[in-house]
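Take a look at the structure below.
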Amino acid sequence: MQRGILLFLCVLSINTVSGCELFGRFDTPSLFKEGDIIIGGIFPILNKEILSTSTFDKEFDLRVFRWTQAMIFAIEEINNDPALLPNISLGYRILNSCASPTNALRAALILASGAEEVDVSSHCPPAISALIAESGSSQSIAVAGILGPFHMPIISYFSTCACLSDRTKYPTFFRTIPSDYFQAKALAALVKHFGWQWIGAIQSDNDYGRNGILAFKEEVEKFGICIAFVGTILRTYTKDRFLKVVEIIKQSSVKVILAFVPEGDFYPLMKEIVNQNITGIQWIASEAWITASRPSTPEIYTAFGGALGFVVQKMAIPNFKHFLTSISPHTDTHAPFVRDFWQIMVGCMPVLPGARTSTDDTTKRCTGNETLINSEHVFFNVTELRVTYNVYKAVYAIAHALHQLVFCQPVGAKTVNQCLNLSEMQPKEVIKSLQRVNFTNQFGDEVFFDENGDPPASYDIINWQLINGKVQHVTLVSLMSLFFPCITLLVSQLYLNGGSKIISTPIYHSQINGKPICCFHCVPCADGTIANSTGAADCTPCPKEYWSNERKDECIPRTIEFLKYHEPMGIALTLVSLLGASLSLATMVVFINYRETPVIKASNFELSSFLLFSLFLCFLCPLTFIGMPTVWTCMLRHTAFGVTFALCISCVLGKTIVVVTAFKATFPGNKITGQFGHAQQRIIVCSCTLIQIVTCVLWLTLNPPYPHMLFTYSNRMIVLECNTGSEFAFYAVLGYIGILAIICLILAFMARKLPDNFNEAKLITFSLLIFCAVWITFIPAYVSSPGKFTVAVEIFAILSSAFGLLICIFAPKCYIIFLKPEKNTKKWSTVAWWLALLPHSKKVLSSVPPSGQGVN
């Protein structure tokens, strides 16, 4: 294809015997001025902008139009400078590329072929001696690739692709803006400075975007930084393709995105992001859009506020504002683009001589009195010129190169004599002269090119901030390429989208299955783990006795929990326990004082005393469950509980057996009462209690209870409890008490209909029903209760069952002693005895046969 284009370029303008014969013609408007030496210019004055999914429109770019005016202004300054190219006038020819490589190539062919309309009898007029082009890297690659073999010097003012530094491919290419090789290093250093480990990227679908992201990726990988996704856009894409990129941003977890995109390509995406209210993202910008005026609005700021980016140094060009305000369609009625510019600035369509007006056009017509002198439009703000200044420097670099070539001495020499005829000047010689250019301009800037045609790299770090309702490009710091690794920002002047830090909580990288190891999710550390820094490879678990704090960056000791004496629950249980013990002692005192009364004698004073003593111990037993568990308290609490309750139920069992035997003794010929005296009662109590004592001794010997830290109930606390050691032994102790209680319940139920005065069967039955109900419900409650509430449930069961026995068995007797003393007499007991036995006596007599029957 390249050979075909070269052949077309040769045929396009052929130097015949009679002069120049034009075989082809492009109808392209241009800004033109004659001169002894012509400098060409290609600028994307009109941009293609997407309107719908399938239609496009051309939009006039004021920013680019100012670049063209900077070129014209610089040429006029040089023409008026007696020291630079004296007696030689510079002309220009500027064409529009529409930001398209195809159009840029067409413009380059037009400029290289010379004028389109010439007198065939004359010699070929001078073609351009140098070309200032282009803003986009893809356009510059196309132009430099085609014009390079013809040794046409090209200076770009805004093409930053590092690929253009390849002298083997582009030997005639120069530029006044640093290469992306330096910008990629600077951007990587910026990302490293803030500690961002997980970022996204947006690239333009051209050489600028692809090569820029590739260079940036190579740099950040050195720092262990990973790019989560790369979205691709272009201004000529349909809206659907922009929406796909927006969806990628919405679905991703990244909070930092680099946009390596020209402003014309990025602006449609910016508007869509604002429309969908996507905020909270820190944007990093390439130099192509960070200072563009079109997106620098409060509306766009809602999503892109705090954007950071690198730009070339700014400069204020004297007298340039006056030059811009003097632009008028009435000055040069045939100048292209000026009418569009005037309509945007003034708001009306200029009426020019010979211009046709459509009857359907409703655009306001100018009166001719409009002026731009007092305009406050940002177009006329020339205090912070960056790309415009690059165009200005490019023109002066060409002028200095031509001066050295034509006059064989640098600018400023006392004697100026022309040593080269302009008609003999060859483009190859201009390239050599450009390579040697080294001068200091009026602003103190040193202008030169290295062996690759690149200028020295220096950048300003720009931060988008909203000041007084306007988006300002605040310069944080200026850097030379030597100091990129040592970026230090003025934090007091810095604004980031989302705060001073994008990720304040330490996170670690969770790799995504099926993707490269670099691809991961940013996941906050789980509870109980910490990350010493944001972006750690993994989270470090805290020691067992520690837990992570809220920020997950430090391990703090867990709170140790157990049932304490001084907490409300501990105080309440202690008071109830002491109350029960006091009531037991008080009841024992009452029984001792009234031991000679019929009620006390009928209730078996000795067994009642044993029972009250065991209940006293049962009420004191919960005190061993309260407080910090130790080895001794853990062994004491379960064994004391088992032995005291075994003693208590054994006494109840003895009392029940006494009642049953007393009832059986009322039948004639029954001698069981004489066989169950005090000695037998003591044996039953002691033997039943001894079995429990042996079980507890084996338990303490083989696998005793011990203090245990439990971590499962709560993340931030340790539950300190007593582990039973042997679950079998624990439930054996409980089971044995349950067996005794069931036996007592059965016996008491059998003797429930004996007289109330001395019969305790009903009272024992009711008390044991309470006892069994409490301990049956205790097991599920004990298993399901968390932490210290397990201990509280066990204490509650002990106190409830002890109170049940104390109240049900002894309260009725105390009631008779204190409130019904008339029933506490021998006479009342005897009458009640015979009245109770009367039904049973009738049953016995009815069972004896009449006399004489059954005898032969």
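Bear in mind that the values here come from a model prediction, so they are computed numbers and not experimental data.
- Applying side-chain hydrogen bond (donor to acceptor under 3.5 Å, both in side chains) to Asp460 and the options Lys314, Arg386, Gln313 leaves one that passes, Arg386.
- Salt bridge Arg294/Glu59: present, at least one basic N to carboxylate O contact under 4.0 Å.
- Counted by atom type alone, Asn103 and Ser97 present zero donor-acceptor pairs between their side chains at under 3.5 Å.
- Between Thr440 and Asp445 there is no side-chain heavy-atom pair separated by less than 4.5 Å.
- Of the options Phe266, Tyr267, Phe260, Tyr208, a ring pair (Phe, Tyr, Trp, His ring centres under 6.0 Å) to Trp289 is made by Phe266 and by none of the others.
- Residue-environment remark: CG (Asn87) stays at or below the threshold of 12 foreign heavy atoms within 6.0 Å.
- Note: Phe60 and Phe341 have tilted aromatic rings, judged against thresholds of 30 and 60 degrees for the angle between ring planes.
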message = Would His151 and Gln426 count as a side-chain contact (heavy atoms from CB on, under 4.5 Å) here? Give the steps.
response = CA-CA 9 Å; His151 306 288; Gln426 299 296 324; over 6 Å; no

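- Heavy-atom neighbours of Lys33 NZ from other residues, nucleotides or ligands within 6.0 Å: above the threshold of 12.
- Across all non-hydrogen atoms, the minimal contact from Ala162 to Tyr181 is CB-N, 3.9 Å.
- Heavy atoms only, all atoms of each residue included: Leu31 and Phe337 are closest at CG-CD1, 4.1 Å.
- Across all their heavy atoms, Cys366 and Pro350 have their closest contact at SG-N, 3.6 Å.
- Residues meeting the salt bridge (Lys or Arg N to Asp or Glu O under 4.0 Å) test with Arg175, sequence neighbours left out: Asp454.
- In this model, no donor atom of one side chain and acceptor atom of the other lie less than 3.5 Å apart for Tyr396 and Asn441.
- Side-chain contact of Asn206 with Ser204: a donor-acceptor pair under 3.5 Å is present, judged by distance alone.
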inquiry  = Set out, in order, the CA-CA distance, both residues' side-chain angles and the distance that settles side-chain contact (heavy atoms from CB on, under 4.5 Å) for Ile213 and Arg210, then state yes or no.
reply    = CA-CA 5 Å; Ile213 290 297; Arg210 289 189 294 268; over 6 Å; no

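- For Thr160 and Asp180, the side-chain atoms include at least one donor-acceptor pair closer than 3.5 Å.
- Summarising the geometry of Ala142 relative to Leu105, their closest heavy-atom pair is O-CD1, 4.0 Å, with the distance given to 0.1 Å.
- Side-chain atoms of Ser159 come within 3.5 Å of backbone N or O of Glu134 as a donor-acceptor pair.
- Annotation: Phe443 is in aromatic contact with Tyr389 [ring centroid separation under 6.0 Å].
- Atom CD of Gln418 sits in a crowded spot, with more than 12 heavy atoms from other residues, nucleotides or ligands closer than 6.0 Å.
- For the residue pair Thr232/Gln203, the side-chain donor-acceptor check at 3.5 Å is satisfied.
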